[in-house]
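These numbers come from a predicted model, not from an experiment. Residue numbering restarts at 1 for every chain, and letters A, B, ... go by the order of the sequence lines.
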Amino acid sequence: MATKDKGVRYWLFKTEPDVYSIDQLQKEKTCYWEGIRNYQARNSLRDDAKPGDHVFIYHSNAKTDDGKPAIGIVGIAEVCKAGYPDHTALDPKSKYYDPKSKADNPTWYMVDVKFVRKLNRLISLQELKSNPALEKMLVVQAGSRLSIQPVQSNEWQTVLNMEKNTPK
DNA sequence: GCCAACGTTGGC
DNA sequence: GCCAACGTTGGC
């Protein structure tokens, strides 16, 4: 199924800005999206994410410098390399090391992404939740812990339209 | 810091 | 294969 699908896909990648932020991605321009250790997310990276796919970068567990919540979508990236084995799983010195993953049969996969742009403003989780058009979006679901989420094209467009508005 | 929701592990 | 215990995620 995955290989027959044409056209660009949309994703939402979560990151904790204390670990890796949109600003770091902007500085580095491209990066490995490493350390995904969840099977469902792994399947998306290994099987479905393709170069050219659009990605919302989402900051979880995020606060501003003065301690206010800053959880939400902060920018846009693009997949620039399709799924390949996550070598950090094979490195005993890495905090993402997984002794069960083997070089000849890797458990975990990553993709490369490149920076596209920061959004003009944070689209907060609260704001996403308050938009009825996004009620099916995975990130607003209670208890949604998936760190690599597919996004529907209409959801993608809705968020971009929200960027133009002043937040309530 | 709390804790609910979720995923994984391991005994049986 | 069930399910209790445990660890993690992530909003609040």
Side-chain angles (χ1 to χ4, degrees), chain A residues 2 9-26 31-49 53-77 79 83 85-111 113 115 118-152 155-156 158-160 162-163 165-168:
Chain A
R9 288 164 192 260
Y10 302 93
W11 302 96
L12 181 145
F13 285 14
K14 285 187 196 171
T15 181
E16 298 194 34
D18 290 346
V19 178
Y20 194 82
S21 70
I22 186 76
D23 292 317
Q24 279 170 269
L25 179 59
Q26 181 169 32
C31 77
Y32 311 128
W33 207 263
E34 69 191 26
I36 300 300
R37 298 293 179 266
N38 166 283
Y39 286 102
Q40 198 178 343
R42 185 281 310 270
N43 292 345
S44 293
L45 293 179
R46 186 189 59 190
D47 303 334
D48 294 332
D53 286 1
H54 299 303
V55 179
F56 280 140
I57 302 296
Y58 176 93
H59 280 178
S60 62
N61 267 321
K63 285 188 162 77
T64 58
D65 289 340
D66 50 355
K68 293 184 186 135
I71 298 161
I73 296 172
V74 291
I76 296 174
V79 177
D86 181 343
H87 52 75
T88 66
L90 305 172
D91 176 5
K93 294 192 296 295
S94 170
K95 67 170 173 173
Y96 299 119
Y97 178 59
D98 178 2
K100 295 192 299 300
S101 186
K102 297 290 185 293
D104 58 358
N105 185 18
T107 309
W108 304 115
Y109 280 72
M110 61 164 112
V111 298
V113 300
F115 177 81
K118 287 172 77 167
L119 296 190
N120 301 328
R121 63 184 187 84
L122 170 80
I123 315 285
S124 71
L125 177 60
Q126 203 179 7
E127 198 180 343
L128 297 172
K129 283 182 172 171
S130 73
N131 189 331
L134 298 178
E135 64 179 3
K136 297 249 168 57
M137 196 173 181
L138 287 177
V139 74
V140 308
Q141 306 303 313
S144 167
R145 293 168 43 180
L146 189 59
S147 54
I148 302 291
Q149 303 184 350
V151 170
Q152 304 305 313
E155 294 166 348
W156 179 273
T158 299
V159 172
L160 289 185
M162 291 167 78
E163 183 191 11
N165 303 333
T166 347
K168 291 173 201 130

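Residue pairs meeting the salt bridge (Lys or Arg N to Asp or Glu O under 4.0 Å) criterion with at least one member in residues 63-74 of chain A, sequence neighbours excluded: A:Asp66-A:Lys68.
For A:Glu135, there are no salt bridge (Lys or Arg N to Asp or Glu O under 4.0 Å) partners at least two apart in sequence or on another chain. For the salt bridge (Lys or Arg N to Asp or Glu O under 4.0 Å) test, no residue two or more places apart in sequence or in another chain qualifies with A:Arg145. For A:Lys118, the side chain to side chain contact (heavy atoms under 4.5 Å, CB included) test picks out A:Ile22, A:Asp23, A:Gln26, A:Phe115, with sequence neighbours left out. Considering only residues two or more places apart in sequence or on other chains, A:Gln40 meets the side chain to side chain contact (heavy atoms under 4.5 Å, CB included) condition with A:Asn38, A:Leu146.
One finds no side-chain N or O of A:Lys63 lying less than 4.0 angstrom from the OP1 or OP2 phosphate oxygen of C:dG10. Between A:Lys14 and C:dT9, a side-chain N or O to OP1/OP2 separation shorter than 4.0 Å is absent. The phosphate of B:dT9 (OP1 or OP2) has a side-chain N or O of A:Lys100 nearer than 4.0 angstrom.
In this entry the distance linking CD1 of A:Ile148 with P of B:dG7 reads 15 Å, nearest Å. The nearest whole Å value for the distance from the OH atom in A:Tyr39 to the C1' atom in B:dT8 is 9 Å. When the C1' atom of B:dG7 is taken as reference, atom CZ of A:Arg42 falls 14 Å away, rounded to whole Å. When the C1' atom of B:dG7 is taken as reference, atom CD of A:Gln141 falls 18 Å away, rounded to whole Å. To the nearest angstrom, C1' of C:dT9 lies 11 Å from CG of A:Asn38. Spacing between atom CD1 of A:Ile36 and atom P of B:dG7 amounts to 15 Å, rounded to whole angstrom units. Per the geometry, CG belonging to A:Leu12 stands 14 Å off C1' belonging to C:dG10, to the nearest Å.
Taking the nucleotide of DNA chain B with the nearest heavy atom to each of A:Asn61 and A:Arg37, the more 5' of the two is matched to A:Asn61.
For A:Tyr20, the OH atom sits in a packed shell: over 12 heavy atoms of surrounding residues, nucleotides or ligands are nearer than 6.0 Å. Atom CD of A:Gln126 has 12 or fewer heavy atoms from other residues, nucleotides or ligands within 6.0 Å.
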Mind listing the N/O atom pairs, protein and nucleotides 4-6 of chain B, below 3.5 Å?
residue	atom	partner	partner atom	Å
B:dA5	N3	A:Arg145	NH1	3.2
B:dC6	N1	A:Arg145	NH1	3.3
B:dC6	O2	A:Arg145	NH1	2.0
B:dC6	O2	A:Arg145	NH2	3.4

